[in-house]
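Here's the structure, in structure tokens; my notes come after.
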Number of protein chains: 2
Amino acid sequence: MTPSPISIDSSPSDTGQALAQAETLCQERGVRLTDLRRRVLEIIWSHSKPMGAYAILDVLRDDGRQGAPPTVYRALDFLLEQGLIHRLASLNVYAGCCQPDSRHGGQFLICRDCGQVNEMNSPAVENLLGAEAAARRFEVLTQMVEVLGRCPDCQRGTLSDVG
Amino acid sequence: MTPSPISIDSSPSDTGQALAQAETLCQERGVRLTDLRRRVLEIIWSHSKPMGAYAILDVLRDDGRQGAPPTVYRALDFLLEQGLIHRLASLNVYAGCCQPDSRHGGQFLICRDCGQVNEMNSPAVENLLGAEAAARRFEVLTQMVEVLGRCPDCQRGTLSDVG
DNA sequence: GAGGTAATGTTATCTTATAGCAAATATGCC
DNA sequence: GGCATATTTGCTATAAGATAACATTACCTC
Ligand SMILES: [Zn+2]
Ligand SMILES: [Zn+2]
Ligand SMILES: [Zn+2]
Ligand SMILES: [Zn+2]
């Protein structure tokens, strides 16, 4: 019923919800969420930490599916275009987007110790960044914000590196 | 005398100033700005756009200097540690820091069309990001902000892609 | 100059990402 | 269904970015 109050991990239900919403969005937009693309999105969501392209490829191969790097990169390109995932440039990893219905670059809190990533998407930050850019006569297309630090859990115990 | 009001490019004097300041900072800190490290910093500053590691390596080789990737990556690591340059993760390039005396992650306006990069470093943005992170009980170590868009020049004419 | 530390040279390798073309699959029309 | 079309996927090769490991050289102190 009620979602667990502290969700460190992407639970199966999170994954399910994300997939369902992706399905809906793709239908609305008239684009095809193929088996491969859906599976890549599922792999990303069902892991606790954002994944690199080659880690995703490994899972696909464990599935028994054929594939080479272009296979996964093309799926990632599609998911990125549709705003269903983000790329964290500082880590070369890909993470599911929590609000795929509204386009945004993404603001992320990345834990140095356990690797967890939290998508912030503070409108205040977005607006201020836009204002500062505008003050410099700069036309904004996309914003990328990545904050590296320590998550609440890793501050508490030193249960670092939970894998 | 007066610095040019619109500085699209890093002028030789900018480069000279940056090198002089780097020299001073490294002396104060008791670290060695060797020939190689100084030259890499100079190469970065004397180019109009941020450069990739292998582009820097090419220039080093044009100098007649020996070198392989580790040569330039070690120099870059040193310059990054000392806060003399930044890495723009979204582009895999390195850019000189305008305020190397104060440590910061860096906030960048990156022009999609001409590739120019402008370091913003708005304290307001930094503070707000810090506050938003703190509200989520997240301990900030470093912030990285990269805003992709179009610089004033590229909005005016469509003198895009000035190379 | 001997000894220790820091920096650089050198080779090989690893990770991340893309180009290019062929085969397969979905879609739309007759 | 049969066929033309465009999209998607398979597959090989390769580009681009970054690091590991170890040998050599420069620098500093005694
Ligand atoms: Zn998002
Ligand atoms: Zn953590
Ligand atoms: Zn800076
Ligand atoms: Zn521009």
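Below, chains carry the letters A, B, ... as their sequence lines are ordered, and counting in each starts from 1.
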Review point. Donor-acceptor pair, B:Q155 side chain versus A:R137 backbone, under 3.5 Å?
Key: yes

Point to revise | Inter-end axis angle, the helix from C:dG1-D:dC30 to C:dC30-D:dG1, with every axis fitted to five base pairs (rounded, 10 degrees) | key: 30°

Review point. Can a side chain N or O of B:R74 be found less than 4.0 Å away from OP1 or OP2 on C:dA6?
Key: no

**Study point:** A:Y54 aromatic ring stacked with six-membered ring of C:dT16, 5.5 Å and 30°
**Key:** yes

Check your understanding: Counting only non-hydrogen atoms, which of residues 63-71 of chain B are less than 4.0 Å from DNA chain D?
Key -> B:P69, B:P70

Check your understanding: Do any pairs count as a ring-ring contact (aromatic ring centres under 6.0 Å, His included) and have a residue in residues 48-84 of chain B, sequence neighbours left out, and if so which ones?
Key -> none

Check your understanding: What ring-ring contact (aromatic ring centres under 6.0 Å, His included) pairs are there with at least one residue in residues 102-122 of chain A, not counting sequence neighbours?
Key -> A:H86-A:H104, A:H86-A:F108

Check your understanding: Looking at A:Y73, does any N or O in its side chain come under 4.0 Å of the phosphate oxygens OP1/OP2 on D:dC11?
Key -> no

Check your understanding: Of all of residues 83-93 of chain A, which get a heavy atom below 4.0 angstrom from DNA chain C, listed by number?
Key -> A:R87, A:N92

Point to revise | Residues which pass salt bridge (charged side-chain N to carboxylate O under 4.0 Å, His left out) with B:R39, listed by chain and number, not counting sequence neighbours | key: B:E42, B:D63

Review point. Side-chain contact, heavy-atom cut-off 4.5 Å: B:Q82 with B:R29?
Key: yes

**Study point:** Atom-pair distance (CG on B:D35; C1' on C:dA7), nearest Å
**Key:** 12 Å

